[in-house]
A.B. asks: 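Sharing a structure, written as structure tokens. Questions coming.
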2 protein chains.
Amino acid sequence: MLFVPMSISIKSLHITMESKMSALNEQALEYVAKYFKALAEPMRLKVLNALQDGEKNVSQLTQLSGGTQANVSKHLTLLAQYNLVKRESRGTNVYYRIADPSVYELCELVCGQIGKRMNLEEDIKKLFTATSQTN
Amino acid sequence: MLFVPMSISIKSLHITMESKMSALNEQALEYVAKYFKALAEPMRLKVLNALQDGEKNVSQLTQLSGGTQANVSKHLTLLAQYNLVKRESRGTNVYYRIADPSVYELCELVCGQIGKRMNLEEDIKKLFTATSQTN
DNA sequence: GCACTATATAACCATATAGTTATATAGTCA
DNA sequence: TGACTATATAACTATATGGTTATATAGTGC
């Protein structure tokens with residue numbers, strides 16, 4: 001048995017194991033980066049958002065997101081690869097659902113940060129100055 | 001006073017305001033996506049990681065990250081734009097520090113997710129199979 | 001079998017960006 | 001002032017990827 005210990009020091013992204021650290025950290029960093037990247041796309045966030053109140057099939061997601069079928073399908077495939085959504089075929093439809101509600105924790109944290117630290121409110125006000133004149 | 005309410009329903013990324021929702025959601029989604037994108041880069045994660053135990057100047061970060069000065073500087077500029085790090089010139093040096101420890105909460109959540117939902121342990125074992133033979 | 005529908009994928013284009021090299025900027029000290 | 005150091009930036013290349021269109025695949029029902 002070569003590799004037993006698996007305690008992950010989250011904060012530092014160091015992973016204590018009986019082996020070379022540098023290589024693994026490099027790999028771990030890329031792993032984490034890819035995970036963030038999966039979430040770093042408006043259309044994918046939109047799809048995740050649409051799945052918040054339960055599973056939906058590709059047609060529904062295509063409609064809700066306003067994207068094309070091919071594009072939505074591509075994003076769903078990627079999200080499934082990262083285990084952010086679960087895929088289930090039923091008949092000729094394919095239903096997707098959020099794999100884990102913790103995805104929303106993530107968004108919560110990020111949105112919280114944005115609100116607190118990136119002056120989202122200011123930005124929103126600016127955005128609205130441009131779009132809300134019709135009200 | 002045009003825009004008062006600012007309650008952000010984080011989970012759904014809906015922002016309740018007295019105005020058009022679709023446009024803003026679009027903007028908000030892009031905002032969140034960009035934030036994730038800032039974190040979706042191994043070198044930037046490495047830099048953030050290096051800053052965990054306190055501020056460092058560009059030379060130090062260049063050394064620690066193993067990148068070139070120009071590249072590290074570019075990433076630092078981007079991180080500063082997203083308020084992930086704070087910049088402070090002292091003499092001819094420029095020191096950077098983590099703007100907010102919540103960045104690590106984010107990593108914690110992501111790493112936790114990865115560990116739980118993406119079989120990081122399995123992957124790590126595989127990675128180590130390749131790199132730890134020299135031990 | 002065939003027609004029909006739903007989803008996935010291939011091929012392609014356009015854009016964004018990480019990294020490099022070279023240079024500019026700015027602070028320090030003589 | 002000029003030499004020196006630290007950092008930022010400009011110009012460029014190469015790569016990755018989001019979106020599109022067209023096509024393939026697969027399930028259903030006749």
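Convention: sequence-line order gives letters A, B, ...; per-chain numbering from 1. Both backbone and side-chain heavy atoms feed into the values below; hydrogens, waters and symmetry mates do not.
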A.B. asks: In whole angstroms, how far is the P atom of dT7(D) from the CD atom of Glu55(B)?
C.D. replies: 12 Å

A.B. asks: Kindly say if Ser59(B) contacts the phosphate of dT5(D), meaning a side-chain N or O under 4.0 Å from OP1 or OP2.
C.D. replies: no

A.B. asks: Please state whether the phosphate of dA6(C), meaning OP1 or OP2, lies under 4.0 angstrom from any side-chain nitrogen or oxygen of Tyr96(A).
C.D. replies: no

A.B. asks: For the side chain of Ser65(A) and the backbone of Leu61(A), is there at least one donor-acceptor N/O pair under 3.5 Å apart?
C.D. replies: yes

A.B. asks: For Glu30(B) and dA16(C), what is the distance between atoms CD and P respectively, to the nearest whole Å?
C.D. replies: 12 Å

A.B. asks: Side-chain N or O of Arg90(A) versus OP1/OP2 of dA6(C): is the shortest distance under 4.0 Å?
C.D. replies: no

A.B. asks: Just checking Gln69(B): base, sugar-phosphate only, or nothing, at a heavy-atom cut-off of under 4.0 Å?
C.D. replies: base

A.B. asks: I need the CG-C1' distance between Leu79(A) and dT17(D), as an integer number of Å.
C.D. replies: 14 Å

A.B. asks: Atom CZ in Phe36(B), atom OH in Tyr35(A): separation rounded to 0.5 Å?
C.D. replies: 8.5 Å

A.B. asks: What is the distance, to the nearest angstrom, from the NZ atom on Lys37(B) to the P atom on dT15(C)?
C.D. replies: 14 Å

A.B. asks: So, is Ser73(B) close to the dA8(D) phosphate, meaning a side-chain N or O under 4.0 Å from OP1 or OP2?
C.D. replies: yes

A.B. asks: Taking only the side-chain nitrogens and oxygens of Asn57(B), find out if one of them lies under 4.0 Å from OP1 or OP2 of dA6(D).
C.D. replies: no

A.B. asks: Hey, mind stepping through Glu55(A) and Arg90(A) against salt bridge (charged side-chain N to carboxylate O under 4.0 Å, His left out) and telling me if it holds?
C.D. replies: CA-CA 12 Å; Glu55(A) 65 170 21; Arg90(A) 289 207 297 274; 2.6 Å; yes

A.B. asks: Using only side-chain N and O atoms of Arg44(A), determine if any of them is under 4.0 Å from OP1 or OP2 of dG18(D).
C.D. replies: yes

A.B. asks: Tell me which nucleotide among dA6(C), dT21(C), dA8(C) gets nearest to the side chain of Val58(A).
C.D. replies: dA8(C)

A.B. asks: So do the side chains of Val58(B) and Asn93(B) get within less than 4.5 Å of each other, counting heavy atoms only?
C.D. replies: no

A.B. asks: Counting side-chain heavy atoms from C-beta on, which of dT20(D), dA8(C), dT20(C) comes nearest to Lys74(A)?
C.D. replies: dT20(D)

A.B. asks: Return no unless some side-chain N or O of His75(A) is found under 4.0 Å from OP1 or OP2 of dG19(D).
C.D. replies: yes

A.B. asks: Take atom CG of Leu61(A) and atom P of dA8(C), then tell me their distance rounded to the nearest Å.
C.D. replies: 10 Å

A.B. asks: Using OP1 and OP2 only, check whether a side-chain N or O of Ser89(B) sits under 4.0 Å from dA26(C).
C.D. replies: no

A.B. asks: From CD of Gln60(A) over to C1' of dA6(C), roughly how many Å is that when rounded to an integer?
C.D. replies: 12 Å

A.B. asks: Can you see if the side chain of Thr68(A) gets near the phosphate of dT20(D) - specifically, an N or O under 4.0 Å from OP1 or OP2?
C.D. replies: yes

A.B. asks: Distance check needed: dG18(D) P versus Leu78(A) CG, whole Å only.
C.D. replies: 7 Å

A.B. asks: To the nearest Å, give me how far apart CG (Asn71(B)) and P (dA22(C)) are.
C.D. replies: 16 Å

A.B. asks: To the side chain of Arg87(A), which of dT21(D), dT7(C), dA6(C) is closest?
C.D. replies: dT7(C)

A.B. asks: Using heavy-atom distances to pick each residue's nearest nucleotide on DNA chain D, tell me which of Glu41(A) and Thr77(B) is more 5'.
C.D. replies: Thr77(B)

A.B. asks: Which of these, Arg87(B), Lys86(B), Gln60(B), sits in a side chain to side chain contact (heavy atoms under 4.5 Å, CB included) with Tyr95(B)?
C.D. replies: Gln60(B)

A.B. asks: Got a donor-acceptor contact below 3.5 angstrom from the Arg44(B) side chain to the Ala38(B) backbone?
C.D. replies: yes

